[in-house]
Structures are given as C-alpha cells and as structure tokens.
Amino acid sequence: MTRTLICLALSTALVLPALAQETADSVAPEGAARTDFSGGSAAVEAALAAKEANKPVEADKWMVAAANPLAVEAGADILRAGGSAADAMVAVQTVLGLVEPQSSGIGGGAFLVWYDAASETLTTLDGRETAPLAATPRLFQDENGEPLKFFDAVVGGRSVGTPGTPALLAEAHRRWGRTPWPTLFDAAIDHAEDGFAVSPRLADLIASDAERLGRFPATAAYFLPDGAPLQVGQILRNPDYAATLRAIASDGIDAFYTGPIAADIAATVANAPGNPGMLSQLDLAIYEVRERAPVCTTYRAHDICGMGPPSSGALTVGQILGMLAPYDIGKLGPQSAESWRLIGDASRLAFADRGRYMADSDFVPVPARGLLDPGYLKQRAELLGGDDALPETAPGTPEFDHALLLADDESIELPSTSHISIVDQYGNVLSMTTTIENGFGSRLMVRGFLLNNELTDFSFRSHSDGVPIANRIEPGKRPRSSMAPTIVMKDGKPVLAIGSPGGSRIIGYVASGIIGWLDWGLNIQEALSLPHAINRFGTYDLEAGTDATKLQEPLAAMGYEINLRDLTSGLHAIEITADGLLGAADPRREGIAMGE
Ligand code: GLY
C-alpha cells in the first residue's frame, strides 16, 4: 500500500461518489433558483478539483479552509479586502450557521487558537457553553439516579447550555479585527434572505433526523416544510436568522445576550414540550469568554499547541504524541500495523487519563502540567513496548499538586461540529473548532438558529461508588470538550493550523493528521485524506471502504476488537511554508480551502 494508493483509495471511495451524487441528485424542486450548493464560482471549482486530485490549494497571501464553499467564499471576500483572520472567521461562522446549521452556529460554543504575527504570541479563547445556574449534578438522571438515555437528554431544553459563540466572535473581533463589525455579517444576511441551495450532506442529515426535528414546530417548519424533509438543491431562505444577525451587526452582542432575543431563547428552552430546560436570561446576561493558557507539547522538534481545559483536546493529542515520541513510526510508515498498534494504544492510555482527570479547570483541579510532563509520558510510553494490544488501559498517576480522588468519566459524545482554519495577509493564524454538539443540537430553533445540546458533554453520572467524577455537572461549569483546534509551531513560528469535528474521535483525527504530515512526510492534503484508524477505549475503528481495512487482520491478530465504520472527520488545515500557503480540506465532507 503506497502513499499514493492510500490517498487514491480514499479519494475514489469517498470523494468521487460524493461529487457524482451531487450531480445526479441535484434536481431542484419547482421554484428553486439554483441547484449547485457550492455557488459554482471558478475559485470554488478549482478548490474542489484540487481536493479531488488530493493536492493542496496554493496561495501567497491568505488562505481560508472550512466546511462549506459559501462560508469559505465569505471569508475569502473579507481577507481579499484586507480583513484579518478574525474578521474572516466571523463571516465564515455566520454563513456556516446558515448553510451547515446541524454542526455549529450562534446557538453553540467554540474554542479559538490565535497566533498574532505582530506580537509573535499564541492566545487561546474559550467560548464554551456554560451550565445554567439552576443546573444540578442530577440533570441527566432519572428519579432513581440512573443516567437518562442519550437522546432523551439531548432533544429539548434540558441539554441547552449558555451559547458562547456570539461572545467569542465579538471578543476575537475586539482584539484582532480590522473590518467594521457590521460588514462581517453581510454575506450571511444576503444568503439568508436570497436563499441558498441545500447541500447533499444537509439534506441527508435532515432526512435521517426527521422524526426528532419534527417534534418542535419552529424546527419542523424550517427543515420539514409541508412535512417533508428539504431536498438537495432546494432553495432555503431564513429571514429570521437574517433579522437576528442584523440585530447583532448593528447593536453588538448585547442584542443576543440581553433583550428580546435572550428572552426568546430562555422561553424556548423553558417551554420545550416534553423536556423543558433551565437556561435563564440571567445565564445569558452573565456569559463571558475566557482567555486560557495555550497547552503545548513538543513532538519531532515542533510545538503542538492548542486548547486546554475545559477542552481535553490539546492535553489528549499532546499525550498521544508525547508517548509516540520514543518510537520511530516515521520509519514504520502508515501501512504498518505496528505503527497503528503504537498509535492506538497511546490513544487508549491518553483516553484513560482523559476520563479520570480532564474537565473544566475552573471547577476541578486538572493536573495539566503533570499529564504532559516528559518524565510521566516516558513512563506511559514504556507500556507500549510489547508486540500486542495492551490487555487493558488504566489511568496513570501524573504529578498532581492537589490531593483529590476522582472517578472515571461516563460521557457519551457523538460527532457533529465544524473546524475553520485561516491565515491572513498579515501573518496571523486562526484555528477554531465550533459546535452545537449533536447534529442539529437540541433540535430547538429560535429566531432562525438552533440551540446547542452541549450539556450532554458532561458525565451523566456525577459519582461512581461515592467518588466524584471530574466532568460532573455543576452550575456555571463548562462541559469537557474534545475539540482540538491546533497551531503547530516550529522555532517560534506557526507552520500548520489544523482541527476537525468528530466528537471524541476529533482527538485521533487531529493526532493522525499531524503524524501523517510530520512522521510520514505526506503533503497536507494527503495527510487529511489518510484513511482513519481510531482507538479510544479498546475497539479499533477502521474506516470502511478504504485501505484502512487492510489493517483488520494484523490488528485483530494483535488482540484488538475491530469495527469497520464510517469515520466522517472534517479536517481543515493550512500549512505555512517559506514559499507560501498550502490549504487542505477533508474529502469526507463538503468543505474547501481557498486562497490568493
Ligand atoms: N461537542 C463536541 C465537543 O465539544 O467535543
């Protein structure tokens, strides 16, 4: 299996059918104005062609990579006009909230990593949702203290945390913006008012979630007009979303966090039929973005930097890479089952620590330094010294400056989410992962946007055998995340922005993207296209329909249980080289990279 073969296997298995389906199925219903969800400009066509050919998009000055061509074009327009990466991000996010509403939006939360070229510093901003002040540790338990079924908790008001994304957009713009705030909403407002063509992915997801979407009148009216799921190419308008954005554009985010929009959010949550929640106008009014210290790990002479708690992203990616450091997986290569034994078991060991120790550090002491301590990682790496799958993986005992007994976490995390990577002409670099948690979040829609179900990223149990779980629900606390927006640094300069959606598999997607690029010398598009093999808790997930399935026999012989399945990452990355920028978008989704 050569590198070319790996990548071709994926591109033929996933990309070509997706495009073919788009062409074959894009029959717009009567009255539709446009059948091409991508907008169809020459730049978009070139970006899609590069992705299909498994080649990065090249640029000199700026680049943007995200999950939908209309969102990428909105960001590109801002960058071309001299805007900063932070400005472009606001445009990208507000368009994503319209055209990819199942994944992220102003009703959700996000983490942002920023490299500032002028000051040569890295900053991370936490725009994660908070638990309502009225929440209790038993929010997701029945009257007997047993965890609710996942979707009984998700669908409705109970799972809705205080959205952080609008505040994050404003804070990024306040710190690093160069374009007037109202301008940044123009693209999303125009698309919402003029209408956009429903993409194949959005149509598929609506069809498969129709029963849940249909439970709430506002959501049903939007996604299931006349009772039927929206079709590919159908033109969808969202005047309510346009009006919400106009209010935020003209009055700032106070228009979201206070006043009639906040009142509508709280009322929608409180009155959700069958499953009301407790998010209040006070929760919204007191929401704050938090600046956190970046978390960095050294790997192959690079610094892998990202988001610390309440995200487990950078700590877990850092632990995996730190444990792999003593092993020459570069020489073993991506076809070697031995490479994947090392990666898989490093990941299992890191996930064991994650389940025990990682949560919102404003509420629970997290041994962040101990978890990435080189001596501790060396000790954990020694566990990988055998030939077979580890029979079991338990959390380690990192150095901890608090005496604290914690039990293992029991969170259920399913994939949705979206990732944005941007480099501007000033040399600033942005890596932001953004989410409303489950696909379509809580399914509650208000004023044209969906509300998140982020609270189900908490552990449903608060204690195990009387010992508290770090990621238990507490009022005002932020649920642990797996989002891993990352900037890779070399000699103090940024060389790569990368991140992905995918629930707790985000961690494996990002780690293997970095390994593909750094250890196996793949170009950044090839690294994103690499077939996935992901192990978090013991079972090895191999990406169905790709060359990853060739690992099935050797990994099973090592003792792993194997599961073949779709692994729909949504990696978006930009490499910064001495010769320019190289952008890449995941062939498994509809995004592109675009630059000039
Ligand atoms: N809800 C996805 C995450 O935060 O990891």
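For reference, positions follow the sequence shown, starting with 1. Every number for a ligand or one of its atoms is a count from 1 in the order of the listing. What's counted below: heavy atoms across the whole structure, side chains too, no hydrogens, waters or symmetry copies.
S159 and E454 form no side-chain donor-acceptor contact under 3.5 Å, judged by distance and modelled atom types alone. No side-chain donor from either of D283 and T162 sits under 3.5 Å from a side-chain acceptor of the other.
In this structure, R128 has a heavy atom closer than 4.0 Å to ligand 1.
Note: F140 and F458 fail the aromatic proximity criterion, with ring centroids not under 6.0 Å apart. Between F216 and Y222, the distance from one ring center to the other does not fall under 6.0 angstrom.
Remark: ligand 1 atoms within the under-4.0 Å shell around heavy atoms of E454 are 1 (N), 2 (C), 4 (O). Here is the list of ligand 1 atoms found below 4.0 Å of a heavy atom in M483: 3 (C), 4 (O), 5 (O).
For ligand 1, the polar-atom distance check finds an N/O of S482 within less than 3.5 Å of one of the ligand's N/O atoms.
Relative to atom 2 (C) of ligand 1, the option among I507, N452, D457, N438 with the closest non-hydrogen atom is D457.
Under the ring pair (Phe, Tyr, Trp, His ring centres under 6.0 Å) criterion, Y560 pairs with Y540, sequence neighbours left out.
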